[in-house]
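Below is one structure; the comments refer to it alone.
Below, all heavy atoms of this structure are taken into account, side chains as well, without hydrogens, waters or symmetry copies.
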Amino acid sequence: MSQKKLVQKLKNVCDEISKRKDADKLLNYNTGAIVHKKQLAFHKCDKRNRWVFGGNRTGKTECGAVEVVYLARGVHPFKENKKDTVGWVVSLSRQVQRDVAQKKILSYLSPYYIEDVVMQSGRKDYPEGGVIDYIKVKNVFGGTSIIGFKSCDQGREKFQGASLDYVWFDEEPTEEIYLECRMRVLDKKGQIFGTMTPLKGLTWVYDEIYLNSNNSPEVWYETMEWADNPFLDPKEVSFFEESLSEEDLESRKYGRFFDANGLVYKEFDERVNVIDPFDVPKDWYDNISIDPGLNNPLSCHWYAVDYDGNVYVIDEHFEKNKDIDYHSSKIRAKCERLEWPTDGRGNYSALIDSAAGQHTLNGSKSVAELFYERGINVNTKVNKDLFSGISVVKSYLKNSLGESRLFIFRNCPNLIRELKSYFWGDGDNPIKRDDHALDELRYYLMTKPVAHLRPKTTIQKHKDRLIRKINLARKSFD
């Protein structure tokens with residue numbers, strides 16, 4: 001071969017490589033050209049049931065489409081890859097599938113990696129214009145992966161029988177289809193992920209995923225708002241903001257669930273007020289607060305205060321259908337693990353609902369007396385004023401300067417859940433439901449915990465502030 005022909009052949013190869021790179025939208029996504037921080041958090045998460053609640057145009061659908069292509073190709077940058085994966089993409093209807101999820105996946109799946117396309121309707125040489133049944137994808141390990149497409153309007157029966165590595169829900173499915181799809185990934189220990197704008201109010205997704213009412217360690221979610229997407233035109237954002245109602249802003253801009261009565265604690269921001277646990281200096285330890293219950297849950301939390309007056313909720317005991325013997329033993333065990341200080345007589349001090357001091361008709365001793373006999377010296381003199389208490393909690397979640405002074409460790413899921421689900425009812429009264437942790441949080445904060453009484457040197461104060469800043473910075477970095 002002459003040198004001239006060799007040069008031309010090399011040029012042709014380079015042109016083909018360049019052409020393929022230009023056509024490979026996934027490569028541009030991987031290099032960070034069209035991806036933002038919240039999308040990366042979704043891809044990095046190793047939980048098996050993860051969701052993105054996002055407003056319109058926040059990039060949530062991109063997450064799901066890219067994740068599907070990663071798994072089908074075997075090129076996931078953050079997870080262990082598998083050969084020959086089988087998964088489903090679930091849309092609300094066949095038309096929505098064609099116009100949204102299917103279109104997104106085809107945009108990230110280079111034609112060079114497609115072995116075959118099987119259509120429900122339309123032409124396979126123009127899959128964008130029809131409805132796809134499934135796509136055969138070349139896996140980098142040498143096999144073939146299958147991306148199947150389903151729609152909720154097919155009914156539950158069409159979701160039975162298969163064994164899957166993953167399911168992606170593009171927008172909110174019905175609960176019965178969600179449960180059926182969870183069965184499809186069971187034997188392969190597969191994953192469920194969903195991307196949706198919460199337009200239907202407080203549905204099953206709100207309870208199952210957002211509140212994580214079952215406290216599943218595999219449930220994770222992220223919210224996306226317009227401000228998270230750096231590729232949106234600020235002028236367009238302002239234009240749409242002016243035309244949306246409060247309800248539409250909550251869901252379409254912020255990706256939040258909306259209830260007409262409104263949240264009591266709108267100031268609560270899980271990204272700010274919830275932090276990862278760290279080793280709390282023992283001289284921050286302050287008090288324990290209890291809302292008693294036998295058939296109802298008993299809620300108990302351990303509180304610490306740093307030298308800037310910031311309050312930390314560092315541990316939780318929350319169970320129902322148990323007696324005082326059980327609860328007191330659990331509380332004492334946590335105190336021993338934390339090396340919580342005693343009152344000098346081997347008892348642990350705690351605040352408790354004033355009703356615990358009352359004698360019942362069928363008991364000779366009050367709940368407070370029963371706790372005392374079991375080594376927990378409870379103080380029933382708490383301020384139970386509801387509206388003052390709510391105002392105080394709000395001020396700790398976010399004060400007039402926009403600063404937070406209440407930080408809850410992630411290992412307190414029941415308090416976190418109640419803060420997210422406490423709504424106003426008729427008039428000015430909150431709905432009295434699932435508020436046991438919130439009650440004892442109010443009891444504690446109404447004691448006006450302050451960082452005083454315990455003298456510290458300037459160096460020690462600086463050290464304590466540094467501990468808090470490091471942990472908050474670590475959370476932001478993660």
Side-chain angles (χ1 to χ4, degrees), residues 38-39 41-42 45 47-68 87-105 131 148-160 164 166-185 190-214 216 218-226 228-229 244-245 247-260 263 270 417 420-421 423:
K38 293 289 187 69
Q39 291 170 322
F42 168 79
C45 178
K47 304 298 184 182
R48 292 175 54 203
N49 193 348
R50 55 207 159 95
W51 293 69
V52 174
F53 303 128
N56 299 121
R57 313 306 301 169
T58 56
K60 65 183 186 304
T61 308
E62 308 284 331
C63 290
V66 170
E67 189 75 3
V68 167
W88 282 347
V89 175
V90 180
S91 301
L92 299 182
S93 67
R94 286 302 197 187
Q95 181 177 347
V96 174
Q97 170 195 318
R98 182 197 65 201
D99 296 341
V100 184
Q102 172 182 304
K103 182 178 179 181
K104 284 287 185 185
I105 286 176
V131 176
F149 292 85
K150 298 283 185 180
S151 62
C152 294
D153 58 5
Q154 292 178 287
R156 179 173 183 164
E157 291 76 14
K158 296 293 185 180
F159 289 80
Q160 296 174 346
L164 305 173
Y166 63 88
V167 176
W168 169 36
F169 294 110
D170 176 39
E171 297 301 341
E172 179 179 349
T174 62
E175 186 175 13
E176 66 173 6
I177 287 178
Y178 164 78
L179 293 173
E180 190 64 47
C181 286
R182 286 194 63 184
M183 296 302 298
R184 300 305 108 224
V185 301
Q191 54 184 301
I192 296 281
F193 48 96
T195 58
M196 57 172 281
T197 299
L199 297 174
K200 299 179 182 179
L202 308 184
T203 62
W204 69 267
V205 177
Y206 175 79
D207 292 317
E208 177 86 4
I209 308 298
Y210 180 72
L211 295 183
N212 192 9
S213 55
N214 295 319
S216 169
E218 291 300 327
V219 168
W220 176 94
Y221 75 87
E222 180 65 272
T223 58
M224 288 184 187
E225 59 180 274
W226 289 345
D228 293 320
N229 187 351
L244 294 177
S245 65
E247 179 176 354
D248 283 338
L249 277 173
E250 286 293 296
S251 57
R252 296 188 182 278
K253 176 182 178 180
Y254 296 108
R256 296 172 184 161
F257 291 88
F258 182 83
D259 182 87
L263 279 168
E270 197 164 356
R417 186 193 72 252
K420 291 159 57 177
S421 61
F423 288 94

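Across all non-hydrogen atoms, the minimal contact from Cys181 to Val90 is SG-CG2, 4.4 Å. Heavy-atom minimum distance, Val205 versus Met196: CG1-SD, 3.8 Å. Nearest heavy atom pair, residue Tyr206 against residue Ser421, reads OH-CA, 3.2 Å. Taking each heavy atom of Asn229 and Gly59 in turn, the nearest pair found is ND2-N, 4.2 Å. When every heavy atom of Trp51 is checked against every heavy atom of Pro173, the shortest pair comes out as CH2-CD, 4.2 Å. Across all their heavy atoms, Cys152 and Thr174 have their closest contact at SG-N, 4.4 Å.
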(request) In sequence, state the C-alpha distance, the side-chain angles, and the governing distance for Phe149 and Arg94, and then conclude on side-chain contact (heavy atoms from CB on, under 4.5 Å). (result) CA-CA 9 Å; Phe149 292 85; Arg94 286 302 197 187; 4.1 Å; yes
(request) Check the pair Gln97, Asp170 against side-chain contact (heavy atoms from CB on, under 4.5 Å), reporting the backbone distance first and the verdict last. (result) CA-CA 8 Å; Gln97 170 195 318; Asp170 176 39; over 6 Å; no
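A distance of 11.5 Å separates CD1 of Ile177 from CD of Glu172, quoted to the nearest 0.5 Å. Between atom NZ of residue Lys158 and atom CD of residue Gln160 there is a gap of 10.5 Å, rounded to the nearest 0.5 Å. Here the straight-line distance linking atom CG of Asn56 with atom CG of Leu199 works out to 6.5 Å at 0.5 Å rounding. Atom CD in Glu62 sits 6.5 Å away from atom CD in Gln39 (nearest 0.5 Å). Note that the CD atom of Glu157 and the CD atom of Glu180 stand 8.5 Å from one another [nearest 0.5 Å]. Distance CZ/Arg48 to CD/Gln191: 8.5 Å, rounded to 0.5 Å.
No side-chain N or O of Asn214 forms a donor-acceptor pair with one of Ser216 less than 3.5 Å apart.
Between Phe169 and Tyr178, the angle of the ring planes lies from 30° to 60°, which puts this pair in the tilted group.
Classification of Arg50 and Glu67 as a salt-bridged pair holds, one side-chain N sitting under 4.0 Å from a carboxylate O.
Under the 4.5 Å side-chain criterion, counting only non-hydrogen atoms from C-beta, Cys63 is in contact with Met224. Tyr166 places none of its side-chain heavy atoms less than 4.5 Å from the side chain of Val185. Between Glu171 and Val96 the shortest side-chain heavy-atom distance does not fall below 4.5 Å.
Crowding of Arg184 atom CZ: a count of heavy atoms from other residues, nucleotides or ligands under 6.0 Å exceeding 12.
Partner of Phe257 under the ring pair (Phe, Tyr, Trp, His ring centres under 6.0 Å) criterion, out of Tyr210, Tyr221, Trp204: Tyr210 alone. When each of Thr195, Thr223, Thr197, Asp228 is paired with Lys60, the side chain to side chain donor-acceptor pair (under 3.5 Å) condition holds for Thr197 and for no other.
No side-chain donor-acceptor contact under 3.5 Å links Trp168 to the backbone of Ser91.
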